[in-house]
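Okay, so here's the structure we're looking at.
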2 protein chains.
Amino acid sequence: MVSLSKKTTRRGGRVSRSKKRTGGVTMDHVAREAGVSLMTVSRVMNNVPGVKASTRDSVMRAVKALGYSPNAAARSLARNGAGRIGLLYSNPSAGYLSQFLVGALDGAQTSGALLVIEKCDASLESEAAAIGRLIAGGMAGVILPAPHAESDSAIAALREAGVVAIAVGTGHARPDAHGVRMDDFAAAAEMTRHLIELGHRRIGFIKGAVNQTASVERLLGFETEIRRADPPADCLVEPGDFTYRSGFEAAERLLSSDHPPTAIFASNDDMAAGALAAAHRRGLDVPGDLSVAGFDDTPLATAVWPELTTIRQPVARMAEAALRLVLQESRDQSRRDSRAPIDQLLPHQLIVRASTGQVPDKS
Amino acid sequence: MVSLSKKTTRRGGRVSRSKKRTGGVTMDHVAREAGVSLMTVSRVMNNVPGVKASTRDSVMRAVKALGYSPNAAARSLARNGAGRIGLLYSNPSAGYLSQFLVGALDGAQTSGALLVIEKCDASLESEAAAIGRLIAGGMAGVILPAPHAESDSAIAALREAGVVAIAVGTGHARPDAHGVRMDDFAAAAEMTRHLIELGHRRIGFIKGAVNQTASVERLLGFETEIRRADPPADCLVEPGDFTYRSGFEAAERLLSSDHPPTAIFASNDDMAAGALAAAHRRGLDVPGDLSVAGFDDTPLATAVWPELTTIRQPVARMAEAALRLVLQESRDQSRRDSRAPIDQLLPHQLIVRASTGQVPDKS
DNA sequence: CAAATTGATGTTAGCGCTATTAAAAAGTCC
DNA sequence: GGACTTTTTAATAGCGCTAACATCAATTTG
């Protein structure tokens, strides 16, 4: 019966429908409520300067009273494609991607952008093809997370097409693209200090994938802090590639050495989990016999036992920041030549959980 | 220098810009190319009946020639909110969410729907609030993945508001909502058969969270197959809640029993990974001394060592199917009373990897 | 004090697409 | 064969929003 109302009850049923249509209130309603013109509301919603504070207030009040929320589709349409943002992803570690997507989606919703997600695999051709699709799709800007942020060819192609590119999660600022990232160097140093303060003087480090600049920064941060330790500390560095397996194998190597470390710092959580497994396999207690630290604070960090001491990388916030930045830049770009790439650094946080502890007695 | 062209060639730039605006071609272009009216193109794009086959063909040809792709924003706007689909998520296992999101996003793009992602935490109030926002936001339909798919209150609220609800990943069809799911019972049975065929006759099972019907189905599938085994098999069932930790603990209990199982089948990959860790801790070789099987085939399954034998749940495909279904149903609902909920079953697959093997010799 | 300059708002015209209605072409019937 | 359906196509009016321009006060200035 309910659905019947579609045609028949144009009056009654339609009431609830007309309310439902687009979330109910439109700018028009708000304008009427606030006693201003539609355009003024638009200005307020977009933070355009040149609106009297009192007017702005009354509009905001009307917005709240009516529970108005702007229609992203209409906005995108009116803006004529500006605000269409592409996001290229391939296959980053599971936790990373979902957090990133959620952050970007969230940001898109608040800022009224239209996110277009494009997928590609690891190959360069696939990446180039995806970039091509994004450019052809008329994106105003493109967000490049983790692995693609390092791709010179992708960024060059975007520049060529006049599309704003944002590199997320690189080890250092790029000269050819805006960036949103964290201070990998400082974070790694901080974690290393944490281990040193716990008394560890022989620390193993598992490197990340070599083609990512963030890996390098993490290693440098670690080494710098090791050199600074007093009394002096010693380190063993093993290669890894950000996978659980590589962490497991690197830890095996570290633990089977003549003089094994009392702590292992892995460049990400996956590898730390691998190290944990290797330790357990040898019957070592964590953190009783061996401390293990990770990096990123992905869901995996709290899924393992004991829960990992790690560095919280604000992935969702970085995605949101990237979205905001790309939006702003793509708007500005059409006005003036703001050539200097912006480099936005977001704060990280050392999260101490159960996997690190005092160095064991030298018995 | 390249970037200079941006501003300097204002006239030239303008041209390319107007082309770039929205990915270039619009329906208008296609219509002109095909020699028909704009509306005919729209009909073809939406598969509306009442277009001569020859006309349809020539339109399709023009679409391909020009590389036209419809503008989702304009579509959503013109349809007046129909095609606005909500997606509620809380905190499913990391791998699950990103796969699901990607699938949904993908489907949204092809079918021209506008996805609105809404987040909530585990509490019922939070869920109710999120549902409220989605309803107020004028969604035509809402997709409820895993944990929320079991929420009677959420589904009732949506029904009340006349919003189509799709439950994804429940153990069995719901009477009050459409569903997209896999056959958990059959899949669990299949995995159990795999273990039995490897010679295992004493198998441990780790249950999933009790508030999810899928957990029950998986257990039932397991038990049914155990009973059917010839020669007869024995089983030990331990509780779990889908977390790594619960899997670890359950495996500890199983392995410390007087007569431990030779294989452990966990209701999901996280718990299987936990079981793996417990086995390694005891110095057991997997699969030499103990076989371990998971369920879901999340990224974790291939992140651990040895890689897990598991059931591949087509999460992305399920999300896409859910999107398609909700779109279709929300359209149909306004026409006629299609009351009988649709239950769509997607195929799963047994993935045999390195964590399961022949039963060890009884020496 | 009239004219030029701001500052704060209102008006108008679409963005690309879909419903709806009107019109035209093609059948159908007696 | 002309009035009457039944297909098929064309034309028009928005969906909710924003850019660009127009307006109208409140200033400032020569």
- Item | Nearest-Å distance for atom pair CE/P, residues A:Met45 and D:dT18 | 8 Å
- Message: Less than 4.5 Å apart, side chain to side chain, heavy atoms only: is that true for A:Leu97 and B:Val102?
- Response: yes
- Residue mapping more 5' on DNA chain D - nearest nucleotide basis, B:Met39 or B:Arg79: B:Met39
- Message: Rounded to whole Å, please give me the gap between CE in B:Met27 and C1' in C:dT18.
- Response: 8 Å
- Using the C1' atoms of the five pairs at each end, what is the angle between the end axes of the helix from C:dC1-D:dG30 to C:dC30-D:dG1, to 10°? 50°
- Message: Of the options D:dC17, C:dG10, C:dT18, whose atoms approach the side-chain atoms of B:Arg75 most closely?
- Response: C:dT18
- Query: Looking at side-chain heavy atoms only, is the closest gap between B:Leu144 and B:Val142 below 4.5 Å?
  - Reply: yes
- With the side chain defined as heavy atoms from C-beta on, B:Ala78 is closest, among C:dG14, D:dA10, D:dG14, to D:dG14
- Message: In this structure, how many angstroms lie between the C1' atom of C:dA19 and the CG atom of B:Asn46, rounded?
- Response: 11 Å
- Task: Return the residues of residues 48-60 of chain A meeting this criterion: a heavy atom under 4.0 Å from some atom of DNA chain C. Order them by number, or give none.
- Result: A:Gly50, A:Val51, A:Lys52, A:Thr55
- Task: Indicate whether OP1 or OP2 belonging to C:dG10 is found under 4.0 Å from a side-chain N or O atom of A:Thr40.
- Result: yes
- Min side-chain heavy-atom separation A:Ile85-A:Val116 under 4.5 Å: no
- Query: Nearest heavy-atom pair of A:Ala340 and A:His178: which atoms, and what distance?
  - Reply: O-CE1, 4.0 Å
- Item | Separation of atom CG in B:Leu38 from atom C1' in C:dA22, rounded to whole Å | 17 Å
- B:Ile166 and B:Val180, any side-chain heavy atoms less than 4.5 Å apart: yes
- B:Asn71 side-chain N/O to C:dC15 phosphate OP1/OP2 under 4.0 Å: no
- Side-chain N or O of A:Ser37 closer than 4.0 Å to phosphate OP1/OP2 of C:dT9: no
- Task: Please determine if a side-chain N or O atom of A:Ser42 lies less than 4.0 Å away from the OP1 or OP2 oxygen of D:dC17.
- Result: no
- Task: Answer yes or no: is there a side-chain heavy-atom contact under 4.5 Å between B:Val164 and B:Arg159?
- Result: no
- Item | B:Arg75 and B:Asn71, any side-chain heavy atoms less than 4.5 Å apart | no
- Message: So if I take every side-chain heavy atom of B:Arg43 and compare against D:dT9, D:dC17, D:dT18, which nucleotide ends up nearest?
- Response: D:dT9
- Message: I need the NE2-P distance between B:His29 and C:dC15, as an integer number of Å.
- Response: 10 Å
- Query: Taking CG from B:Asp28 and C1' from C:dC15, how many angstroms apart are they, rounded to a whole number?
  - Reply: 13 Å
- Message: Within the structure provided, determine whether A:Ser90 and A:Lys119 are in side-chain contact (heavy-atom separation under 4.5 Å).
- Response: no
- Task: For A:Asp57, enumerate each residue passing the side chain to side chain contact (heavy atoms under 4.5 Å, CB included) test, keeping only those at least two apart in sequence or located in another chain.
- Result: A:Arg61
- For B:Arg84 and C:dT18, give me the distance from atom CZ to atom C1', rounded to whole Å. 16 Å
- Task: Specify the closest pair of heavy atoms between B:Arg56 and B:Val48, including all atoms of both residues, with the distance to one decimal.
- Result: NH2-O, 3.1 Å
